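Not measured: the values here are computed from a predicted model. In what follows, every chain begins at residue 1, and chains take the letters A, B, ... in the order their sequences are listed. Computed from heavy atoms alone, side chains included, the values below leave out hydrogens, waters and symmetry copies.
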Number of protein chains: 2
Amino acid sequence: MTPVPPAKDTRPVSIPSAREKFESYLAKKGLRVTKQRQAIFDAALAQKEHFTAEQLLDHARDIVERAGKRRDSISRATVYRTLPLMTESALLREVDIGSGEKFYLPNTQENIQLAQVVCLDCDRIFEISAPFMEWYGSTVSSKLGLSPVSQRLQVSARCNVFRDTASCPRRG
Amino acid sequence: MTPVPPAKDTRPVSIPSAREKFESYLAKKGLRVTKQRQAIFDAALAQKEHFTAEQLLDHARDIVERAGKRRDSISRATVYRTLPLMTESALLREVDIGSGEKFYLPNTQENIQLAQVVCLDCDRIFEISAPFMEWYGSTVSSKLGLSPVSQRLQVSARCNVFRDTASCPRRG
DNA sequence: CTGCCTGCAAACTCTTTGCACGAAT
DNA sequence: ATTCGTGCAAAGAGTTTGCAGGCAG
């Protein structure tokens with residue numbers, strides 16, 4: 001007699017919910033769920049660090065290639081057209097450190113106030129919780145008759161180890 | 001009868017010292033004091049609000065024109081080559097609000113921590129004192145083994161009056 | 001005179017867009 | 001069948017750069 005298989009855990013985990021969120025956002029806007037949007041979405045959500053549009057394109061092409069399709073079935077234009085959809089639906093956060101190109105990061109938790117510390121030696125971007133920012137932005141804005149929409153604190157800094165040893169531990 | 005006019009204040013203002021600072025910076029770097037650099041410097045220091053490279057070019061051309069010279073004796077390239085000199089010598093502050101083009105502002109006081117509040121309705125940039133930032137940047141950076149170089153807080157906000165009346169009091 | 005500075009225009013980077021074809025509903 | 005989405009390539013904005021001639025020191 002066959003053993004009873006363990007009950008399958010069907011509780012939704014966070015990955016499907018992000019995908020659901022994206023697809024429901026598309027539906028709400030009357031937009032279609034295409035192979036390209038799915039691949040770009042998967043590529044974006046798989047990122048652990050900040051990434052650029054170009055890196056996202058490359059990663060999305062890896063994904064479709066692994067699925068047996070041509071790399072050029074994802075185009076740069078589509079990446080640029082999809083990025084706003086993912087930031088508007090709060091799946092990604094856009095981080096502009098004033099370096100010419102924009103960076104993106106999966107938005108794992110909502111309503112969190114974050115600051116960026118950019119290392120001038122290794123170009124790495126660190127995300128730091130900055131809970132006071134919201135209060136500060138509100139205080140300052142209301143004095144001007146404005147309502148804050150978003151705020152960001154960016155710190156540029158140099159690496160102490162690099163200063164002392166001329167080599168950054170985070171890149172060698 | 002005519003009222004007595006108030007005594008004219010002849011105390012030296014900050015303008016001469018700023019020019020000295022710029023020229024001594026040039027000297028220290030072994031750079032030459034040219035007509036173009038002087039005009040661009042004058043144009044920059046005369047600004048009361050944030051300005052772009054293009055606006056600076058225009059204003060610098062006004063200055064040389066008033067001095068009887070051709071507008072095209074100042075070129076866009078020279079403006080772009082002079083701006084870094086003025087920011088490195090701390091005469092200007094660079095403000096990047098992530099809108100594609102960079103803004104600049106005469107750096108009247110040094111070592112002041114400022115935040116920018118950008119109104120999304122009228123595109124105006126307000127500079128707000130944010131003294132707590134330095135402490136915060138230091139605290140956060142040191143945890144990462146970094147030393148803060150600069151920091152900026154940027155708040156994007158919407159105008160309450162514009163929201164209610166569909167017209168921004170600051171632009172009509 | 002020497003070599004930095006300049007204007008010009010082309011190049012560059014990142015991003016956006018017009019168009020005709022292709023695919024999702 | 002419609003209508004939206006796509007790739008391509010060109011356009012666009014802002015900034016940088018190579019070059020030959022010009023001017024400061």
Side-chain angles (χ1 to χ4, degrees), chain A residues 22-41 43-44 50-58 60-61 63-65 67 69-88 92 94-104 123, chain B residues 22-41 43-44 50-58 60-61 63-65 67 69-88 92 94-104 123:
Chain A
F22 184 50
E23 303 201 346
S24 80
Y25 176 82
L26 292 177
K28 191 170 59 187
K29 288 264 181 176
L31 302 173
R32 294 172 182 170
V33 178
T34 64
K35 298 291 174 200
Q36 287 88 341
R37 283 175 179 162
Q38 287 176 324
I40 294 168
F41 167 86
H50 296 78
F51 58 92
T52 63
E54 198 63 28
Q55 291 169 333
L56 179 59
L57 171 63
D58 204 51
R61 285 179 164 172
I63 289 178
V64 297
E65 191 170 46
K69 295 185 184 119
R70 298 166 48 95
R71 291 186 69 79
D72 60 8
S73 63
I74 306 277
S75 77
R76 184 167 287 104
T78 300
V79 168
Y80 277 106
R81 286 190 271 235
T82 304
L83 277 168
L85 301 178
M86 294 194 290
T87 54
E88 284 157 22
L92 294 185
E94 190 182 277
V95 178
D96 189 326
I97 62 167
S99 68
E101 58 193 347
K102 288 176 182 165
F103 291 86
Y104 299 87
D123 292 325
Chain B
F22 184 49
E23 304 202 346
S24 81
Y25 176 82
L26 292 177
K28 191 170 60 186
K29 287 264 182 178
L31 303 173
R32 294 174 183 171
V33 178
T34 63
K35 298 291 175 200
Q36 287 88 341
R37 282 175 180 163
Q38 287 175 325
I40 294 168
F41 166 86
H50 297 78
F51 58 91
T52 62
E54 199 62 29
Q55 293 168 332
L56 180 58
L57 170 63
D58 205 49
R61 285 178 165 172
I63 288 178
V64 297
E65 190 170 48
K69 294 184 184 121
R70 298 167 48 95
R71 289 185 72 78
D72 60 7
S73 63
I74 306 277
S75 77
R76 183 167 287 103
T78 300
V79 167
Y80 277 106
R81 284 190 273 234
T82 305
L83 278 168
L85 301 177
M86 295 193 291
T87 54
E88 284 158 22
L92 294 185
E94 190 182 276
V95 178
D96 189 325
I97 62 167
S99 69
E101 59 193 347
K102 287 177 182 167
F103 292 86
Y104 299 87
D123 291 327

Presence of B:T34 side-chain N/O under 4.0 Å of C:dT6 phosphate oxygens OP1/OP2: yes
For nucleotides 11-18 of chain D, tabulate all protein N/O to nucleotide N/O atom pairs closer than 3.5 Å, reporting atom names and distance.
from	atom 1	to	atom 2	distance (Å)
D:dG14	OP1	B:E101	OE1	3.2
D:dT15	OP1	B:K102	N	3.1
D:dT15	OP2	B:Y80	OH	2.5

B:E88 side-chain N/O to B:L85 backbone N/O, donor-acceptor pair under 3.5 Å: no
Short side-chain N/O contact to C:dA23 OP1/OP2 from A:Q36, under 4.0 Å: no
Heavy-atom side-chain contact between B:V79 and B:Q36 under 4.5 Å: no
Whole angstrom value for the distance that separates C1' of C:dT6 from CZ of B:R70: 14 Å
Nearest-0.5 Å distance, CG of residue B:D96 to CD of residue B:E101: 10.0 Å
Options C:dC4, D:dG7, C:dT25, nucleotide nearest the side-chain atoms of A:S75: D:dG7
Side-chain donor or acceptor of A:R76 paired with backbone N/O of A:L57 under 3.5 Å: no
Interatomic distance, A:L57 CG vs C:dT13 C1' [rounded to whole Å]: 15 Å
Parallel, tilted or perpendicular, as decided by the 30° and 60° cut-offs, for the rings of B:F103 and B:H50: perpendicular
d(NZ, B:K35; C1', C:dG7) in whole Å: 18 Å
Charged N-O contact under 4.0 Å between A:D72 and A:R61: no
Separation of C:dT15 P from A:Q55 CD (nearest whole Å): 11 Å
Between D:dA24 (P) and B:R32 (CZ): distance, integer Å: 9 Å
A:I74 CD1 to C:dA23 P, straight-line distance once rounded to whole Å: 14 Å
Interatomic distance, A:D72 CG vs D:dT6 C1' [rounded to whole Å]: 12 Å
Separation of D:dT6 C1' from A:R61 CZ (nearest whole Å): 13 Å
Test side-chain contact (heavy atoms from CB on, under 4.5 Å) applied to B:L56 and B:M86, step by step: CA-CA 12 Å; B:L56 180 58; B:M86 295 193 291; 4.3 Å; yes
